[in-house]
Trainee: 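First, the structure itself, so that you have it in front of you.
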Number of protein chains: 2
Amino acid sequence: MKLTATETKFILHWGEMGTRWGINRTVAQVHALLYITGRPVPADEIAETLSVARSNVSTSLRELQGWGLVKVAHLLGDRRDHFETFHDVWAMFKLVAVERKRREVDPTLVMLREALAQAEKDGEKASKERLGHMLEFFETLTEAFEEFVKMSPGALRKVVKYGGKLQKLLGVGT
Amino acid sequence: MKLTATETKFILHWGEMGTRWGINRTVAQVHALLYITGRPVPADEIAETLSVARSNVSTSLRELQGWGLVKVAHLLGDRRDHFETFHDVWAMFKLVAVERKRREVDPTLVMLREALAQAEKDGEKASKERLGHMLEFFETLTEAFEEFVKMSPGALRKVVKYGGKLQKLLGVGT
DNA sequence: CCGTTCTTTCTGTAAGTTATGAAATGTGCA
DNA sequence: TGCACATTTCATAACTTACAGAAAGAACGG
């Protein structure tokens, strides 16, 4: 499969973006390719298009399936697995956000609660206070996040719009 | 400086968390140490406490200052620079969020607009549509983010609370 | 079943990154 | 100005991660 200039640009940028957020470059590129292509693509074609080893593509697809971002499709008369991602960017973003929260934020909450309890027990007043602030922050953020993922983009826009007004009205800006 | 069990736990976890989000482990650990300590600490003490090279601490502190997370303080009768971070977790989170948006999301917006224009020019209808959806998503998210960073935790909680209600009321959930 | 095709797993190596210690530079005091 | 202390820079070593290619495994068709 031959990529257009536009597609190449998008895929490369997406790869770079991935690395900055702790996501493997190839994984991100494969996802970008599937997104921009918009139809099921067999693994060997992905490998050829991106100029990476077939095995690397296999691993990346597995990873993407683990995130729920990619699903397998089959075409009549073709034994090969084909892979596709979703068109709904918002939905994909949520998948990743929810999963990262589960993997990274939730354990942090656990750690903070444990550390706080220990600081309490050991009478470390200063640590306890700071850990408490941190925990409180994470709890607020988590709460906001839970609401956030329930929203559609339209709902989000409305909430933001009214939220800004609400904020001014109530004078809770401080 | 001798760390308590609680402090060690917190610092190590913070370091791991950092690596997962593309932030250097030592950088994150130094920040955690400063946060949990809550007072200005000289660089050599940081190095000793974390068992890392003095030069590594120097680099990490510079990085943290670049993010605006750490500032220098001086103590009377001590020529050494001392370093401290802020107590306000919310404020620090915003600093990082704003900066990462600037460094990573803004260039993505630029790329998407360029790619979209090019797809338009080259008559790539399918690509254009998908890039358009992606751009729209990023624009909505950016907009929401701009409002978000203006809020205090209290304001955020209120907006979330009323936002949920608003959403149901307006039936914009789809 | 056997051969073919497709996919995944495994392993050595390359690439990239991070950390170190030494050297260089900077800073303030006598 | 010279000395002592403090900090930064830099080359290299240590480590980590990513990748390709080989080999094994699975699915299918004849």
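Below, all heavy atoms of this structure are taken into account, side chains as well, without hydrogens, waters or symmetry copies. Letters go in sequence order (proteins before strands), and every chain restarts at 1.
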Trainee: In whole Å, what is the span from the CH2 atom of A:Trp21 to the C1' atom of D:dT17?
Mentor: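 About 21 Å, once rounded to whole Å.
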
Trainee: Where the side chain of A:Thr26 is defined as all heavy atoms beyond and including C-beta, which of D:dT9, D:dC19, C:dG21 is the nearest nucleotide?
Mentor: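 The answer is D:dC19.
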
Trainee: Is it the case that the ring center of B:Phe148 lies less than 6.0 angstrom away from the ring center of B:Trp90?
Mentor: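 Close enough - the centres of the two rings lie under 6.0 Å apart.
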
Trainee: B:Asp44 has an atom CG; how far is it from atom P of D:dT7, in whole Å?
Mentor: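 Taking CG of B:Asp44 and P of D:dT7, I get 7 Å after rounding.
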
Trainee: Looking at B:Arg80, I'd like to know whether one of its side-chain N or O atoms comes within less than 4.0 Å of OP1 or OP2 on D:dC5.
Mentor: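 B:Arg80 to D:dC5 OP1/OP2: no side-chain N or O under 4.0 Å.
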
Trainee: Could you please name the option among D:dC19, C:dG21, C:dT18 that lies closest to any side-chain atom of A:Asn24?
Mentor: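 So the nucleotide nearest the side chain must be D:dC19.
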
Trainee: Roughly how many Å is it from CD in A:Glu48 to C1' in C:dT7, rounded to a whole number?
Mentor: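 In whole Å, C:dT7 C1' lies 17 Å from A:Glu48 CD.
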
Trainee: How many Å lie between CD on A:Glu16 and C1' on D:dA18, as a whole number?
Mentor: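 Going from A:Glu16 (CD) to D:dA18 (C1'), I get 14 Å.
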
Trainee: Taking for each residue the nucleotide of DNA chain C with the nearest heavy atom, is it A:Arg25 or A:Leu61 whose nucleotide lies nearer the 5' end?
Mentor: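 Closer to the 5' end of DNA chain C: A:Leu61.
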
Trainee: Rounded to the Å, how far apart are B:Ile23 CD1 and C:dT18 C1'?
Mentor: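 Going from B:Ile23 (CD1) to C:dT18 (C1'), I get 15 Å.
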
Trainee: So what does B:Arg54 touch, heavy atoms closer than 4.0 Å: a base, only the sugar-phosphate, or nothing?
Mentor: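 The residue B:Arg54 makes base contact.
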
Trainee: Do the side chains of A:Lys71 and A:Glu84 get nearer than 4.5 Å, heavy atoms only?
Mentor: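 Of all side-chain heavy-atom pairs linking A:Lys71 with A:Glu84, at least one is under 4.5 Å.
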
Trainee: Please tell me which of A:Asp78 and B:Ser60 maps to the more 5' nucleotide of DNA chain C, matching each residue to the nucleotide holding its nearest heavy atom.
Mentor: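 Looking at the nearest nucleotide for each, A:Asp78 comes out on the 5' side.
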
Trainee: Base, sugar-phosphate, or nothing: which does A:Asn56 touch, judged by heavy atoms less than 4.0 Å apart?
Mentor: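 Sugar-phosphate: the residue A:Asn56, judged by heavy atoms under 4.0 Å, touches backbone atoms but no base.
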
Trainee: Quickly work out the A:Arg20 CZ to C:dG16 P distance and round it to whole Å.
Mentor: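 Taking CZ of A:Arg20 and P of C:dG16, I get 16 Å after rounding.
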
Trainee: Rounded to whole angstrom units, what separation is found between the CZ atom of B:Arg62 and the C1' atom of D:dT9?
Mentor: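 Rounded to whole Å, this separation is 10 Å.
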
Trainee: Is the ring pair A:Phe138/B:Trp14 parallel, tilted or perpendicular, if the boundaries are 30 and 60 degrees?
Mentor: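 Plane angle over 60°, so perpendicular.
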
Trainee: Side chain of B:Ser58, heavy atoms from C-beta onward: which of C:dC6, C:dT20, D:dT8 has the nearest atom to it?
Mentor: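 It is D:dT8.
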
Trainee: Donor-acceptor pair under 3.5 Å: do we get one between B:Arg79's side chain and the base of D:dC5?
Mentor: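 Counting by modelled atom types and ignoring angles, a donor-acceptor contact under 3.5 Å is found here.
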
Trainee: For the side chain of B:Val52, starting at C-beta, report the closest nucleotide among C:dT7, C:dT20, D:dC19.
Mentor: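 For B:Val52, the side-chain atoms sit closest to C:dT20.
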
Trainee: Starting at CD of A:Glu63 and ending at C1' of C:dT8, how long is that distance when rounded to a whole Å?
Mentor: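 Taking CD of A:Glu63 and C1' of C:dT8, I get 15 Å after rounding.
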
Trainee: Check this for me, if you would: do A:Arg113 and A:Glu139 make a salt bridge, where the nitrogen-to-carboxylate-oxygen distance has to be below 4.0 angstrom?
Mentor: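 A salt bridge is present here (some side-chain N lies under 4.0 Å from a carboxylate O).
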
Trainee: Under a single-linkage definition using a 4.5 Å side-chain heavy-atom cutoff for Ile, Leu, Val, Met, Phe, Trp and Tyr, are B:Phe145 and A:Met17 assigned to the same hydrophobic cluster?
Mentor: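 Different clusters: B:Phe145 never reaches A:Met17 through Ile, Leu, Val, Met, Phe, Trp or Tyr contacts under 4.5 Å.
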
